[in-house]
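Accompanying notes for the structure given below.
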2 protein chains.
Amino acid sequence: MDKQEQILQAALKLFVEYGFHGTPTSKIAQSAGVSNGTLFHYYKTKDELVVAVYIYIKEHLASCTHLLPQEEMTLRQYFKQLYMAWLKWALSHPCEYQFTRQFVTSPYLMKVSQGVREKYSAPLLDCLKQAIDGRVVKPLPLSLLLSLISSHIDGVYLYLESSDLDETQRDELVNRTFDLMWDMIG
Amino acid sequence: MDKQEQILQAALKLFVEYGFHGTPTSKIAQSAGVSNGTLFHYYKTKDELVVAVYIYIKEHLASCTHLLPQEEMTLRQYFKQLYMAWLKWALSHPCEYQFTRQFVTSPYLMKVSQGVREKYSAPLLDCLKQAIDGRVVKPLPLSLLLSLISSHIDGVYLYLESSDLDETQRDELVNRTFDLMWDMIG
DNA sequence: TTTAAGATTGACTAATCACTCCACAAAAAT
DNA sequence: ATTTTTGTGGAGTGATTAGTCAATCTTAAA
């Protein structure tokens, strides 16, 4: 892991614990094991660093949930795979997920262009479009469906995070909530 | 409106625009039309002020959505009334709603006791309990249902906020999304 | 009228912060 | 071998910040 990534990782942890403005750049550098100067060599401003952490996480999430539909797979099955991959990533990367939640509700979100924000929801959007055409999902505005699904995952995440279920019970609940979501949109 | 409330209102607006740590107390005092000293006379620390804004909003929301079930009203109808009151409050108080979103995803949430946080969801919780007993809602954990419903409302809010529908279309969509949610939990 | 308690002010301070700057080291290009 | 580019460190800086304080004002009870 190079210094640039050490900085991103350290920043991520501290931002989640103390908030964006609550963590001084000096603490980030210290925690990353680099000097102040090095931090500002890679990121011109603190704002730039905050956005970089966001992009870094989104790229990571995208690479972990980049699943292609297999042969002989129904849209529902493919959809379920995407849903579960997303939720399992969130549960196994709580720090990253919490950062994202904090980021998208903060004024920092405005620093990320519309294009970048849309980029990461493209696969799900394509899948939804197909599902509506195939009449397996109700003909609602795509952005509404997307918003409802992200929020739904958020809700399940928050519940699972505060409950202390074991792995098996967790999987069972994720399955169950997918059915709930499908009841809603299908 | 007394000075104390002026401070809360000014803090609310600035926090939403610039984030918690992004808004200096001096700016809050200035915007509220009071002196620095007055602000700290009412709130010993900035953290205390942030929490006070949260409680202030929650109390306001609670007073606006405190609806009692009428005679000859099904649970579904009562539930829908609560749902719509909540969503309409969010839409007509975007600043307050955004503040809450920002607050609950931030480390500040930990400064509010569990008891206070639960207090405001009690009415909905009671209603859900009855609905499960009456077999009109699926027998899922109450905290899961609560989490799913709050998140659902969040999702609808975010969609409506970014779309530019007129009042009628908005109402129609709120009705439609209630049905979606009911399909999910009922 | 006197008195006491709270409300209000704004200058002040000690600490902190984002960011700069320059010296130097490592690596890469020539 | 020499030059250029890039990476790294850390002391330093000017601006900003949360919070204090002593002085004044307001209110209302005694």
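Letters A, B, ... mirror the listed sequences (proteins, then strands); counts begin at 1.
Over its length, the helix from C/dT1-D/dA30 to C/dT30-D/dA1 turns its helix axis by 10°, as judged from the five terminal pairs at each end, rounded to 10°.
For A/Trp86, there are no ring-ring contact (aromatic ring centres under 6.0 Å, His included) partners two or more places apart in sequence or in a different chain. For B/Asp171, the salt bridge (Lys or Arg N to Asp or Glu O under 4.0 Å) criterion is met by B/Lys88, not counting sequence neighbours. By the ring-ring contact (aromatic ring centres under 6.0 Å, His included) test, B/His21 is found to be paired with B/Tyr108, residues two or more places apart in sequence or in another chain being considered. For the side-chain hydrogen bond (donor to acceptor under 3.5 Å, both in side chains) test, no residue two or more places apart in sequence or in another chain qualifies with B/Arg176. In this structure A/Phe79 satisfies the ring-ring contact (aromatic ring centres under 6.0 Å, His included) test together with A/Trp182, sequence neighbours excluded. For B/Tyr97, the ring-ring contact (aromatic ring centres under 6.0 Å, His included) test picks out B/Tyr157, with sequence neighbours left out.
Scanning DNA chain C 5' to 3' for nucleotides with an atom closer than 4.0 angstrom to a non-hydrogen atom of chain A gives a first and last hit of C/dC17 to C/dT20. On the nucleic acid side, DNA chain D has its first and last nucleotide under 4.0 Å of a heavy atom of chain A at D/dG7 to D/dG10, going 5' to 3'.
Counting heavy atoms from C-beta outward, A/Leu128 and A/Ile149 have side chains that approach closer than 4.5 Å. You'll find the side chain of A/His152 reaches within 4.5 Å of the side chain of A/Tyr83, heavy atoms only. Within the 4.5 Å cutoff, no side-chain heavy atoms of B/Pro107 are placed close to those of A/Glu17.
Contacts of residues 4-18 of chain A with DNA chain C (heavy atom under 4.0 Å): none. Contacts with DNA chain D (heavy atom under 4.0 Å) in residues 33-48 of chain B: B/Asn36, B/Phe40, B/Thr45, B/Lys46, listed by number.
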> Is there a side chain to side chain donor-acceptor pair (under 3.5 Å) between B/Thr25 and B/Tyr43 once you walk through the steps?
Replying inline: CA-CA 11 Å; B/Thr25 50; B/Tyr43 305 99; over 6 Å; no

> Between A/Lys138 and B/Asp179, is a salt bridge (Lys or Arg N to Asp or Glu O under 4.0 Å) present by the stated rule, with each step listed?
Replying inline: CA-CA 12 Å; A/Lys138 293 167 186 163; B/Asp179 292 337; over 6 Å; no

> Would A/Tyr54 and A/Leu49 count as a side chain to side chain contact (heavy atoms under 4.5 Å, CB included) if you check the C-alpha gap in whole Å, the side-chain angles of each, and the deciding distance to 0.1 Å?
Replying inline: CA-CA 9 Å; A/Tyr54 177 71; A/Leu49 171 61; over 6 Å; no

> Given A/Val136 and A/Arg76, is the side chain to side chain contact (heavy atoms under 4.5 Å, CB included) satisfied, shown in steps?
Replying inline: CA-CA 8 Å; A/Val136 290; A/Arg76 186 185 192 277; over 6 Å; no

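Applying the salt bridge (Lys or Arg N to Asp or Glu O under 4.0 Å) rule to pairs touching residues 97-122 of chain B yields B/Asp47-B/Lys111, B/Glu59-B/Lys119, B/Arg101-B/Asp154, sequence neighbours excluded.
Between A/Arg170 and A/Asp164 there is no salt bridge, since none of the side-chain N atoms of the basic residue sits less than 4.0 Å from a carboxylate O of the acidic one.
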